[in-house]
Every structure is written in structure tokens, then in C-alpha cells.
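Step one of this worksheet: look at the structure below.
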Amino acid sequence: MPRKLVVANWKMHGNLNTNQHLLNGYIEKLSALTHVDVVVCVPYPYLAQAQLLLKNTNIAWGAQNLSKDTVGAFTGEVSANMLLDFGASYVIIGHSERATAYCESDENIATKFSQAKAHGLTPILCVGETLIEREAGVMEMVVAKQIDTIIHTYGASIFANTVISYEPIWAIGTGLAATGEQAQSMHKFIRNRIASFDEAAATSLKILYGGSVNPQNAVQLFVMQDINGGLIGKCSLSAHEFEAICQAANQSFS
Ligand code: PGA
């Protein structure tokens, strides 16, 4: 099994004080983990703080969004190069909270994905279906469409060494995680879809699960063959809970 990847998504939480406390907790608790890669995606203003505290540790950092444009008159936007200035190596793209609240289209998300990749950032593309779509049995169709927009625009090879996070919208922040079997089935579907265009890209791709991962359900998710780790929201705001999740990932490495 490849190394697991666990990504903290702080969303719009934190301040200089609480961040310092939390990041120091991460450093103290996670530095001994050898079989898992850990990343924390912080709000933009705290990238400098993450860089200061995390450089020379085994924890990487990143952002939760980036501009689809490279430079120019785009008020309020943040470019890939700006993230690189602060040592970011990952960026979350197309999170459903953004897609719904800020009307991000699949086309915009695809452009952002290619911006990140072109600048040497590792994009973490979020995909997933609503509860209504799952109950209607069309979840694979929905997820395929989200991925296909990128494949059709840039080719499947763009997925080489990147990350997709399967995040069923009904599981995000609800306490109701997908079961290991539900997630594994979708992860396999995603990998097979990309493999049908580019086998090597599909093999090098990491597919995370996100949506109410906690210390209790992490093991049953991480033992699944196509689940390469997790994107963790709420539980990443506690160093103790985040450590337990990272431990579960570390232990499932074999
Ligand atoms: P959650 O968030 O762990 O709080 O459900 C996951 C996510 O939105 O990435």
C-alpha cells in the first residue's frame, strides 16, 4: 500500500493565538509518524505563520483555494505564485462549500486545477454528490462529470501525482461519514475512470476521503485499498483528534 496522506482543512477557523497552539500541538504529536504525510491547509493570512512554525518539520502546508488567473487586476484573488512565496505545496480546489456558496463552475475548477499543477503546487480536487443524487443512484455520474471536465480540457495525464478528495456533500460536517464500503466503491470508480484514459496517472494519484472523519471511523476507512488518506475538517481543529486520525493512517500502512 502507498503512504497515506492526511490533510487538515481548517476552513475559516483560527487566529494567531489559537493557530500557534494548534500547530505546536501538531508538531509535538505528529513528528514521530513515519508512514504518513501530513498537510495543513490554512486560511490565506496564516500562510506566513504556518511557514514560520512548520519549516524544518515533517508537516507541509497549503491553502484552501487559488485564483484561476496568473496575475492582474483581480481584486481579492490570490495567485499560485503568491502561495509559493509562502512555501505552500498543496492547495484545495473546488471544495463543495465554495462551489455552492460562490457558484464555482466545473470549468473554473478545472482551470484552477491546471494553474496549481503548472506552478508545481499539488492540487487537491474535491468531488462528491448530494444526498438526493446518492438516493437517486446517480452519484457515479455526478462525480464522473466533475472529473471529466478536467480530463476533456487538459487530458487525464494532468492527474499524475495529484490528489482527489471524495467528499460526499451529505457527509461534510454532518457527523454522518460514508462507510468504508461506500467510500471504497467510489474511490475505485474514480481510479478506474482515470485509468481508462491514463493508467500511470491513475496509479500515481492519491484519492482521499473527506466528510466527518473522526478518530472512531478513521481505521475502517483507511484500511480500504483505494482510500489513500483523508481530508479532515472539524477534527483537525483539535491536535489530539487529528493525531488519532493520523495514527490510524500511519498504522494502516503496510
Ligand atoms: P468535516 O469536513 O471533516 O468537518 O466533515 C471535511 C471537509 O469539508 O473537508
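Counting starts at 1 for both ligands and their atoms, following the listed order. Residue numbers count from 1 along this sequence.
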Would you mind telling me if ligand 1 is within reach of the side chain of Asn9, the backbone, both or neither, using heavy atoms under 4.0 Å? side chain
Students should be able to answer this: which protein heavy-atom is nearest to atom 2 (O) of ligand 1, and at what distance? Lys11 NZ, 3.2 Å
Find all atoms of ligand 1 within a distance of less than 4.0 Å from any non-hydrogen atom belonging to Ile172, and give their numbers and elements. 2 (O), 5 (O), 8 (O)
Looking at ligand 1, does any of its N/O atoms fall within less than 3.5 Å of an N/O of Gly173? yes
Quick one: closest heavy-atom pair of Val142 and Gly128, and the distance? CG1-O, 4.1 Å
Quick check on contacts: which atoms of ligand 1 are under 4.0 angstrom from a heavy atom of Ser212? 1 (P), 3 (O), 5 (O)
With heavy-atom distances below 4.0 Å as the criterion, list the atoms of ligand 1 near His95. 7 (C), 8 (O), 9 (O)
closest protein heavy atom to atom 9 (O) of ligand 1 is Glu167 OE2, 3.1 Å
Identify, for atom 4 (O) of ligand 1, the protein heavy atom at the shortest distance, and state residue, atom and that distance. Lys234 N, 2.9 Å
Show your working on ring-ring contact (aromatic ring centres under 6.0 Å, His included) between Phe159 and Phe113 and close with a plain yes or no. CA-CA 9 Å; Phe159 281 105; Phe113 190 91; 5.1 Å; yes
Taking atom NE2 of His21 as the centre, report whether more than 12 heavy atoms of other residues, nucleotides or ligands fall under 6.0 Å from it. no
If we check salt bridge (charged side-chain N to carboxylate O under 4.0 Å, His left out) with Asp226, which of these qualifies: Arg191, Lys206, Arg193? Arg191
More than 12 heavy atoms of other residues, nucleotides or ligands under 6.0 Å from CD of Glu77: yes or no? yes
Among non-hydrogen protein atoms, atom 6 (C) of ligand 1 lies closest to Gly233 N, 3.6 Å
Pick from Thr162, Ile109, Val163, Ile207: which one makes a side-chain contact (heavy atoms from CB on, under 4.5 Å) with Leu125? Ile109
Are a donor atom and an acceptor atom from the side chains of Thr111 and Asn108 found within less than 3.5 Å of each other? no
